[in-house]
Amino acid sequence: METVNIHEAKTHLSRLIEKAAQGQPFIIAKAGKPMVKVIPIDQPSDSKVQRIGFMAGQFTVPDDFDQMGSDEVADLFGA
């Protein structure tokens, strides 16, 4: 993966963005220290994507879940 310093990135930003958009990510460094990684938006990141329902089957929800504690809440409001 290509690494460019900040000055070079500012000078050649359009060219670098075009390359990144075509699937060639690059790193911008400051004083030789990597600071940011530029990747195309539609390219998935390396982090694991959480999926909906990942805990399916690990617990059950009671049928009266939406009513749990309603008496206590009503007492708090003096109803």
Side-chain angles (χ1 to χ4, degrees):
M1 182 176 309
E2 182 179 6
T3 300
V4 296
N5 64 39
I6 290 177
H7 177 73
E8 183 182 355
K10 289 192 302 188
T11 303
H12 302 287
L13 186 59
S14 294
R15 177 181 58 83
L16 291 167
I17 289 174
E18 277 301 316
K19 287 174 66 174
Q22 294 172 4
Q24 298 176 28
F26 64 96
I27 294 172
I28 299 176
K30 181 177 182 181
K33 178 183 174 192
M35 300 295 287
V36 295
K37 179 179 178 182
V38 180
I39 61 170
I41 290 177
D42 60 326
Q43 181 178 340
S45 65
D46 295 338
S47 63
K48 184 178 178 183
V49 177
Q50 275 192 328
R51 66 187 201 293
I52 295 176
F54 69 97
M55 294 186 70
Q58 295 185 19
F59 62 92
T60 57
V61 178
D63 291 334
D64 64 342
F65 175 78
D66 58 342
Q67 298 298 317
M68 293 174 65
S70 61
D71 293 335
E72 290 83 1
V73 172
D75 288 343
L76 291 170
F77 285 95

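A continuous path of ILVMFWY side-chain contacts below 4.5 Å connects Leu16 to Val38, so both sit in one hydrophobic cluster. No continuous path of ILVMFWY side-chain contacts below 4.5 Å connects Ile52 to Met55, so the two sit in separate hydrophobic clusters. In the hydrophobic cluster analysis, where Ile, Leu, Val, Met, Phe, Trp and Tyr join through side-chain heavy atoms closer than 4.5 angstrom, Val36 is grouped together with Phe26. In the hydrophobic cluster analysis, where Ile, Leu, Val, Met, Phe, Trp and Tyr join through side-chain heavy atoms closer than 4.5 angstrom, Met68 is grouped together with Phe59.
Between the CD atom in Glu2 and the CD1 atom in Ile28 there is a gap of 10.5 Å [rounded to 0.5 Å]. From His7, atom NE2 reaches atom NZ of Lys30 across 15.0 Å, with rounding to the nearest 0.5 Å. In this structure, the separation between CE on Met35 and OG1 on Thr3 is 13.0 Å, given to the nearest 0.5 Å.
Residue Glu8 forms a side chain to side chain contact (heavy atoms under 4.5 Å, CB included) with just one option from Val4, Thr11, Ile6, and that option is Val4.
Nearest heavy-atom pair across Pro40 and Ala20 is CG-O, 2.9 Å. In terms of heavy-atom proximity, Pro25 sits nearest to Met1 at O-CG, 3.3 Å.
Residues meeting the side chain to side chain donor-acceptor pair (under 3.5 Å) test with Glu18, sequence neighbours left out: none.
Asp63 CG: 12 or fewer foreign heavy atoms inside a 6.0 Å radius.
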